[in-house]
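Side-chain atoms are counted along with the backbone in the values below, which use heavy atoms only and exclude waters and symmetry mates. In this chain, residues are counted from 1 in sequence order.
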Amino acid sequence: MSTVDVLPLVDEGLGNSAYLVDLGDGRALVVDVSLDLRAARRAARRRGLRLAFAADTHLHADFVSGARQLAVTDGARVLASAAGQREFTHDGLRDGDETDLGGLRLRALFTPGHTHEHLSFLLLDGDTPVGVFTGGSLIVGAAARTDLVDPDRTDELARRQYASLRRLATLPDEVAVWPTHGAGSFCSAPPGARRTSTIGTEKATNTLLRAENEDAFVTALLDSLGSFPSYFRELADTNRRGVVLPGDPTLPGLDVDRVRGLCGDGAVVVDARPAADFAAGHLPGALSNPLRPAFASWLGWLVPAGRPIVVVRGADQDPAEIAWQAVKIGRTDLAGELAGGLDAWTAAGQPVRRTPVVTPAGIGRRPVLDVRQDGEFAAGHLPGARHRELGRLDPRELPREPLVVMCGHGERAMSAASLLEQAGHHEVAVLLASGPADWARATGNALVTGA
């Protein structure tokens with residue numbers, strides 16, 4: 001029975017897991033670790049380990065890899081697919097290649113589908129397979145999406161994903177499955193608490209592994225695909241080049257005049273305070289994106305690349321956390337933060353906007369805009385509600401009339417309201433800290449299902 005120590009490092013916001021493997025000799029392997037290396041470094045430090053190897057299963061679209069950073073700062077040896085054509089020093093691996101980890105071995109398995117160059121890594125203790133790092137190939141209850149490389153290759157890659165999953169299913173039932181993508185990931189993971197599994201469990205429960213044939217698999221996989229953040233189109237090339245930070249990201253303080261000047265030059269003000277604080281008062285034109293686990297995904301989705309970012313935060317919010325959340329999804333253009341926050345802005349006599357909020361019972365007969373994902377909306381929504389996913393919201397498509405915006409809890413709704421306000425919609429209210437189920441309980445009315 002193997003006693004290999006594998007520690008998942010879960011990023012709840014991105015819905016991903018990186019892994020730290022204790023190699024038993026003072027060294028460690030990390031798999032699919034992001035540029036935000038704080039959790040990996042803490043875990044290694046607690047165990048007295050040096051981060052000696054960094055393996056990437058694929059060219060990630062949802063976060064910036066920390067592999068090149070570890071190579072530069074820690075001397076880590078980077079293991080990745082030769083087919084990825086990375087532009088920095090790494091061991092370019094092909095199917096069947098093995099890396100000696102000092103007692104343990106890592107075998108590359110070519111498993112294209114999620115990306116064209118995808119590898120899974122089989123961890124062996126002697127000749128015994130212990131577990132497999134499956135990245136975006138076989139994941140708990142599903143397989144990751146195949147439409148990120150090129151829309152025209154989606155079907156082709158889905159068919160390659162089918163072959164990859166069938167190959168992984170030939171491993172012994174007791175082999176652990178350590179995927180990167182899990183619940184909460186826009187890379188097409190189903191909801192659920194489990195983030196790791198075994199080959200045997202997946203063979204018994206994963207409906208895609210039990211598909212009747214290749215065509216049935218492809219249909220089921222493609223039918224499950226929802227929308228994904230626009231920044232996913234940018235990061236594969238970023239990760240091909242690799243990123244090295246000169247130091248920890250920061251949010252330098254900016255005075256009011258400097259913020260006004262930056263805004264005049266096209267900067268985006270991102271207000272990270274809770275939605276209720278934003279509603280009570282915010283800079284005109286600011287984007288509401290409350291600091292929470294999903295902050296990074298929505299920052300990348302709603303803020304166009306290349307535009308400087310000015311942050312407004314609460315005094316109790318950690319500026320380092322905001323900066324790291326931005327950097328790990330490739331947003332390095334952080335101009336800084338409004339020094340003194342909203343109080344400094346108002347003290348300087350600058351204008352403030354407010355957003356009305358309503359309770360479930362207070363919606364009344366006003367038109368409702370629901371900005372949740374398609375699946376959430378179909379599971380239950382208010383009768384007559386309009387539907388636009390937040391990531392696809394175009395204010396020009398909506399009439400300028402009184403409107404109540406809602407989501408599941410209020411954060412996405414406040415983001416949507418801020419986008420509508422930017423576009424000149426001035427009669428927008430938000431259902432705050434509530435969702436459709438709360439409305440049904442408060443009014444005694446039934447929700448509507450289906451699209």
Side-chain angles (χ1 to χ4, degrees), residues 4-11 14 16-60 62-94 97-109 115 117-125 130-136 178-180 235-236 238-249 324 327-330 332:
V4 176
D5 183 11
V6 179
L7 176 69
L9 305 169
V10 179
D11 184 324
L14 294 180
N16 289 336
S17 297
Y19 298 89
L20 182 142
V21 184
D22 185 341
L23 301 180
D25 59 2
R27 301 178 304 160
L29 158 75
V30 285
V31 180
D32 285 347
V33 71
S34 85
L35 190 58
D36 182 358
L37 291 161
R38 292 176 297 169
R41 292 197 188 284
R42 283 195 300 268
R45 194 162 48 244
R46 284 195 300 267
R47 290 164 171 75
L49 301 174
R50 178 174 69 86
L51 300 175
F53 296 91
D56 270 346
T57 58
H58 59 290
L59 290 165
H60 300 290
D62 52 343
F63 63 87
V64 178
S65 168
R68 188 178 183 189
Q69 182 79 42
L70 284 174
V72 171
T73 58
D74 297 57
R77 184 174 161 190
V78 177
L79 313 173
S81 174
Q85 299 182 320
R86 289 163 176 80
E87 298 174 6
F88 56 93
T89 302
H90 66 287
D91 289 8
L93 304 179
R94 294 175 172 81
D97 287 348
E98 292 192 358
T99 302
D100 182 1
L101 304 176
L104 300 173
R105 288 181 293 133
L106 202 65
R107 180 183 297 162
L109 305 176
T115 68
E117 42 78 53
H118 192 285
L119 293 179
S120 296
F121 292 107
L122 182 63
L123 184 66
L124 299 113
D125 187 357
V130 177
V132 59
F133 299 101
T134 56
W178 297 311
T180 300
L235 287 195
T238 298
N239 283 320
R240 186 175 288 109
R241 295 188 296 271
V243 173
V244 178
L245 296 176
D248 289 351
W324 276 115
V327 165
K328 75 178 179 183
I329 52 96
T332 56

Gln85 atom CD: more than 12 heavy-atom contacts under 6.0 Å: no

Quick one, Glu117 and Arg86 - any side-chain contact, counting heavy atoms below 4.5 Å? yes

Exercise: identify the closest heavy-atom pair between Ala80 and Leu119: C-CD1, 4.0 Å

Distance-only polar pair, side chains of Asp32 and Asn16, donor-acceptor under 3.5 Å: no

Say whether, by atom type as modelled, one donor and one acceptor occur between the side chain of Tyr19 and the main chain of Thr180 under 3.5 angstrom. no

Considering all heavy atoms, the nearest Arg94-Ala108 contact: O-CB, 3.6 Å

NZ-CG distance between Lys328 and Asp62, expressed to the nearest 0.5 angstrom: 9.5 Å

Hey, mind stepping through Ile329 and Leu14 against side chain to side chain contact (heavy atoms under 4.5 Å, CB included) and telling me if it holds? CA-CA 10 Å; Ile329 52 96; Leu14 294 180; 4.3 Å; yes

Looking at side-chain heavy atoms only, is the closest gap between Thr57 and Val31 below 4.5 Å? yes

Check the angle between the aromatic planes of His58 and His118 and answer parallel, tilted or perpendicular using the 30° and 60° thresholds. parallel

With rounding to the nearest 0.5 Å, note down the distance linking OG in Ser65 to CG in Leu59. 9.0 Å

Tell me if a side-chain donor or acceptor on Arg27 pairs with a main-chain N or O of Phe53 at a distance below 3.5 Å. no

Answer yes or no: is there a donor N or O on one side and an acceptor on the other, between the side chain of Asp74 and the main chain of Ala76, under 3.5 Å? no

Taking all heavy atoms of Leu7 and all of Ala43, pick out the closest pair and write down the distance. CD2-CB, 3.7 Å

Could you go through Val64 and Asn239, starting from their C-alpha distance and side-chain angles, then the distance that decides it, and tell me whether this counts as side chain to side chain contact (heavy atoms under 4.5 Å, CB included)? CA-CA 6 Å; Val64 178; Asn239 283 320; 3.9 Å; yes

So, Gln69 side chain and Leu245 main chain: donor-acceptor pair closer than 3.5 Å or not? yes

CG of Leu79 to CG of Leu93, rounded to nearest 0.5 Å, is 5.5 Å

Test side chain to side chain contact (heavy atoms under 4.5 Å, CB included) applied to Phe133 and Leu106, step by step: CA-CA 10 Å; Phe133 299 101; Leu106 202 65; 4.3 Å; yes

How long is the span from the CG atom in Leu23 to the CG atom in Asp5, to the nearest 0.5 Å? 10.0 Å

Which pair of heavy atoms, one from Val10 and one from Ser17, lies closest together, and at what distance? CG2-OG, 3.7 Å

Checking Arg41 against Thr73: is there a side-chain donor and acceptor pair closer than 3.5 Å? yes

Just do the side chain to side chain contact (heavy atoms under 4.5 Å, CB included) check on Thr89 and Val78 with the steps written out, would you? CA-CA 8 Å; Thr89 302; Val78 177; over 6 Å; no

Tightest non-hydrogen contact, residues Gly102 and Asp100, listed as N-OD1, 2.7 Å

Any side-chain heavy atom of His60 sitting closer than 4.5 Å to one from Thr115? no

Closest non-hydrogen atoms of Leu70 and Val30, given as atom of the first, atom of the second and distance, are CD1-CG2, 3.6 Å

Student check: side-chain heavy atoms of Asp56 and His90 closer than 4.5 Å: no

Does any non-hydrogen side-chain atom of Leu20 lie less than 4.5 Å from one of Leu51? yes

Sequence neighbours excluded, the answer for side chain to side chain contact (heavy atoms under 4.5 Å, CB included) partners of Glu87 is Arg240, Arg241

Student check: side-chain heavy atoms of Trp178 and Leu123 closer than 4.5 Å: yes

